[in-house]
Amino acid sequence: MKQKLFLSLIIVFISLNSSAQQNDPVAITINGKPIYKSEVERSYYNSLEREQESLESYLDSFIDFRLNVEEAKAQKMDTTASYKRDYSSYRIQLSGSYLKDTVTEGRVVRMIYDRVLEDVEINHVLLPFDKQNIFPADTLALYNEAVNLRNKLLKNGFSGDGLIDNTKTTSIVMDRVAQNGYLGWTTPFTMPMPVEDAIYSLPVGEISMPIRSNRGYHIIQVLGKRPARGKVFLEQVAFNFSHIPPTKQQIDSVGKVVDKVYKTLKTSSDFDKLCQAYNDVNQTGISGCDFGAYDLNAQLPSSFITAAFALENVGDMSKPVMTDYGYHIIRLKDKISIPPLSVVEKGLRHKIMYGERSEYHTQMWQKRQAEKYNLVVNPSAYNELDNIANRFEPLDPLFIREITNQNELLFTIEGDRKYMVTDFAEYLASKIGVEEAKKDLELDMIQTMQFVNFNLSTDKLKDLFGVYSSLAVSAYADSILDERSPEFANLMTDYSDGLLLFGVKNRNIWEKSETDEIGLAKYFNEHKAKYKWDAAKYKGLVVYCKDESVLNQVKVLAGKYKNTGELAQKISATLNNDSVVALLEPGLWAKGDNPFVDNKVFGDVEPTLRKGYPFFIVVGKKINSPETFEDVRNLVESDYQVLLESKWNTYLREKYKVDIDQSVLKTIR
């Protein structure tokens, strides 16, 4: 009941606004504190949406609400641990929706979706870094090598001499980023973001300058562009090699068999017969040769993907296609076009936010936040840090030791908040501790969001600085949210008042109505005539016994102890001390409530005996009306709560002075 009352009050008053506005007259004063017309008016109109009532009748409940909040503050309920915990938790939850940057998310999603609508045919080459962690000096030689390679590609093309093959393994699931030469048609999420940007911006035929990613330097040539093909649903018959990688003899012998079989495929029914023969030979137990639906990002060899997407019409069959596993004949079963953005937006957003593209989104978000809150970086301070990153990893303790400008200003936010180099150094030190713990203890649960896709020391520094500065901006934005967003401030005030209302009523009314045994007994005795039953009830104890000897012992005890409470205690102490041989069920039953009571007291049929306890005895008495408040406890608690509510409201009205300006209230319509 108290929860329902609390929720109804919160709904009624959720639109309160504690801030006075210019030309907003005081309507009510409670304990010397003003409540403005706008607060009363807004709350009243909000209540009218649910229940039509006059302002006069509504005003009483409004004042009671404000008096309860005032008393809660007087009892310092806003200083309790539970209040602070609930208030803080709600603030974090609510502020997230106000501070969330949906604009950046929307722009990135739209950009990626536009790219999804276009397939791009490319040549590609990668010159990989030879170690995981590198410094700017390490990139120079590889960059020069990449420039020289690009010059060769401009002269000879991607099939000419000088193309480095970085494919180390042979597997049907291949790392396309490491493949060189012709890659065929590609879509977003195939390549690192800097490379993808080049793929979708280069004119057809142009060869890019070297593009650095965390893998190395890439060179791209765009060969063609077309509307996206979406997905293809495929069937295939595979002629597998017996060993991987295959020998030349295997390739030749299997290839001859496949060529011979392919020449017999004139119609779709020929392919169906081949599928059935393939399944019979391999004892697959299935019919058909379904291979599934794939897009251009599928982790399959380029030759297979290229052949599959070259099929134009449903039912078309490919020529034999060789992969590392064997030869394949592919048939196009269906085409699945790209769904509209409204259909794929949620999945695309999740893939961007939690996949490899999260790095790109984060950088966009950091840039937007920096512009919004006027984050100004001191270039000389940052350049000194960048110079150190040319020699040391940012999370190397030696990096921090090399910092000599600890007291220099690093950046400001809106010219108000200042952050020094020493603040950033302390942040780096805290991250070093996390990284060392991860290395030493191998704690998989410790996750670091920084530099996941960075291996160049200066990039790591840039990323760490971006994360630190964005944390500072977020903290600043949160600190001024109440000031910048009246709606947010109002909602937090409403929630605070709701917590205080619940707390003060729970402490002074609801808990007391449940636990004040003396008060409940007194209320029942004073209002005993109010509680009546339509028929007599049986008040007592049902004892279920393990065997007849236990039953006889219970009967003896029942003759000595007429009070069922004392009897229950004696049975537990004397019979159930080693094991439970008698189950006890106290209660108050009307006819039909308990079959055992019905049988013994109301003359009903024999009940179904309890398994393991086939003997029973009923002890107690019939009563025509409640004897104590326990017999009707729920009803008495409810009535007693109403009495406490009334007394509480009277107490508050007497304690706090309430002044009402009727002339102001009359202007509320």
Side-chain angles (χ1 to χ4, degrees), residues 108-126 158 167 171-202 204-205 208 211 213 215 218-236 238 290-314 316-319 321-325 328-341 343-345 347-352 355-357 360:
V108 175
V109 169
R110 180 77 245 186
M111 180 192 74
I112 297 296
Y113 180 75
D114 288 343
R115 291 179 177 182
V116 168
L117 297 177
E118 183 178 49
D119 296 339
V120 182
E121 188 180 21
I122 64 170
N123 283 324
H124 167 261
V125 63
L126 168 68
F158 277 74
T167 305
S171 170
I172 199 166
V173 178
M174 306 182 74
D175 181 4
R176 298 189 74 189
V177 179
Q179 294 183 62
N180 291 334
Y182 177 70
L183 290 193
W185 296 93
T186 187
T187 63
F189 301 105
T190 304
M191 290 286 176
M193 194 64 182
V195 182
E196 182 180 303
D197 287 340
I199 289 173
Y200 282 90
S201 60
L202 280 174
V204 173
S208 72
I211 308 161
S213 78
R215 301 287 294 272
H218 306 254
I219 301 173
I220 293 291
Q221 182 183 33
V222 174
L223 302 175
K225 298 183 179 183
R226 70 183 183 193
R229 298 292 179 90
K231 289 185 177 182
V232 289
F233 200 107
L234 306 175
E235 299 170 293
Q236 71 135 349
D290 285 349
F291 191 56
Y294 298 91
D295 57 20
L296 288 171
N297 286 335
Q299 293 297 300
L300 295 169
S302 297
S303 56
F304 189 98
I305 289 294
T306 300
F309 277 86
L311 300 173
E312 292 289 340
N313 303 308
V314 173
D316 286 354
M317 293 174 285
S318 72
K319 293 181 179 180
V321 180
M322 191 185 86
T323 69
D324 297 323
Y325 272 29
H328 312 259
I329 299 176
I330 309 166
R331 181 167 69 172
L332 180 62
K333 187 174 183 179
D334 198 6
K335 289 184 177 182
I336 305 173
S337 59
I338 302 292
L341 178 59
V343 174
V344 299
E345 182 176 7
L348 194 60
R349 186 181 300 269
H350 186 274
K351 193 172 183 179
I352 291 169
E356 293 182 359
R357 292 301 179 264
Y360 179 80

Point to revise | H328 and F304 aromatic ring geometry - parallel, tilted or perpendicular at 30°/60° bounds | key: perpendicular

Exercise for review: Report yes if some heavy atom in the side chain of V232 is under 4.5 Å from a heavy atom in the side chain of L311; otherwise report no.
Suggested key: no

Check your understanding: Is the backbone N or O of T323 less than 3.5 Å from a side-chain atom of S303, with the two atoms forming a donor-acceptor pair by type?
Key -> no

Check your understanding: Do R357 and V108 have side chains that get closer than 4.5 Å, going by heavy atoms?
Key -> no

Review point. Do the side chains of L341 and V109 get nearer than 4.5 Å, heavy atoms only?
Key: yes

Practice item. Could you go through the side chain to side chain contact (heavy atoms under 4.5 Å, CB included) check for E312 and K335 one step at a time? Key: CA-CA 9 Å; E312 292 289 340; K335 289 184 177 182; 4.2 Å; yes

Review point. Got T190 and L296 here, is their nearest side-chain heavy-atom distance under 4.5 Å?
Key: no

Review point. Step by step, would you call R115 with D197 a side chain to side chain contact (heavy atoms under 4.5 Å, CB included)?
Key: CA-CA 10 Å; R115 291 179 177 182; D197 287 340; 2.8 Å; yes

Review point. L223 and F158: side chain to side chain contact (heavy atoms under 4.5 Å, CB included), yes or no, with the steps?
Key: CA-CA 11 Å; L223 302 175; F158 277 74; over 6 Å; no

Study note, to complete from the structure: Correct closest heavy-atom pair for T186 and Y200 would be O-OH, 3.9 Å

**Study point:** Gap separating the CG atom of D334 from the CG atom of D290, nearest 0.5 angstrom
**Key:** 11.0 Å

**Study point:** R229 side chain to F309 backbone, donor-acceptor under 3.5 Å
**Key:** yes

Practice item. Output the distance between atom CG (L300) and atom OH (Y294), rounded to the nearest 0.5 Å. Key: 5.5 Å

Study note, to complete from the structure: Between I330 and A307 the two heavy atoms that sit nearest each other are CD1-CB, 4.3 Å

Practice item. Can you measure from NZ (K351) to CD1 (I112) and round to the nearest 0.5 angstrom? Key: 10.0 Å

Study note, to complete from the structure: Of all heavy-atom pairs linking V314 and K333, the shortest is CG1-O, 3.1 Å

**Study point:** Closest non-hydrogen atom pair, T306 against G184
**Key:** OG1-CA, 4.5 Å

Exercise for review: Any chance you could measure E196, atom CD, to M111, atom CE, to the nearest 0.5 Å?
Suggested key: 6.5 Å

Point to revise | Pairwise side-chain contact, S213 with M191, heavy-atom cut-off 4.5 Å (strictly under) | key: no

Revision key, fill the gap. What one should report as the nearest heavy-atom pair of S318 and I329 is O-CG2, 3.7 Å

Review point. CD/E121 to CG/L183 distance, rounded to the nearest 0.5 angstrom?
Key: 10.5 Å

Review point. Are T187 and D295 close enough that some pair of their side-chain heavy atoms sits under 4.5 Å apart?
Key: no

Practice item. Please determine if R226 forms a cation-pi arrangement with W185, meaning its NZ or CZ atom is less than 6.0 Å from the six-membered ring centre and no more than 45° off the ring axis. Key: yes

Check your understanding: Can you name the closest pair of heavy atoms from H124 and Q179 and give their distance?
Key -> ND1-O, 2.7 Å

Check your understanding: Do L332 and L234 pass the side chain to side chain contact (heavy atoms under 4.5 Å, CB included) test, and can you show the C-alpha distance, the side-chain angles, and the key distance before you say yes or no?
Key -> CA-CA 5 Å; L332 180 62; L234 306 175; 4.2 Å; yes

**Study point:** Note, Y360 side chain near I352 side chain (heavy atom, < 4.5 Å)
**Key:** no

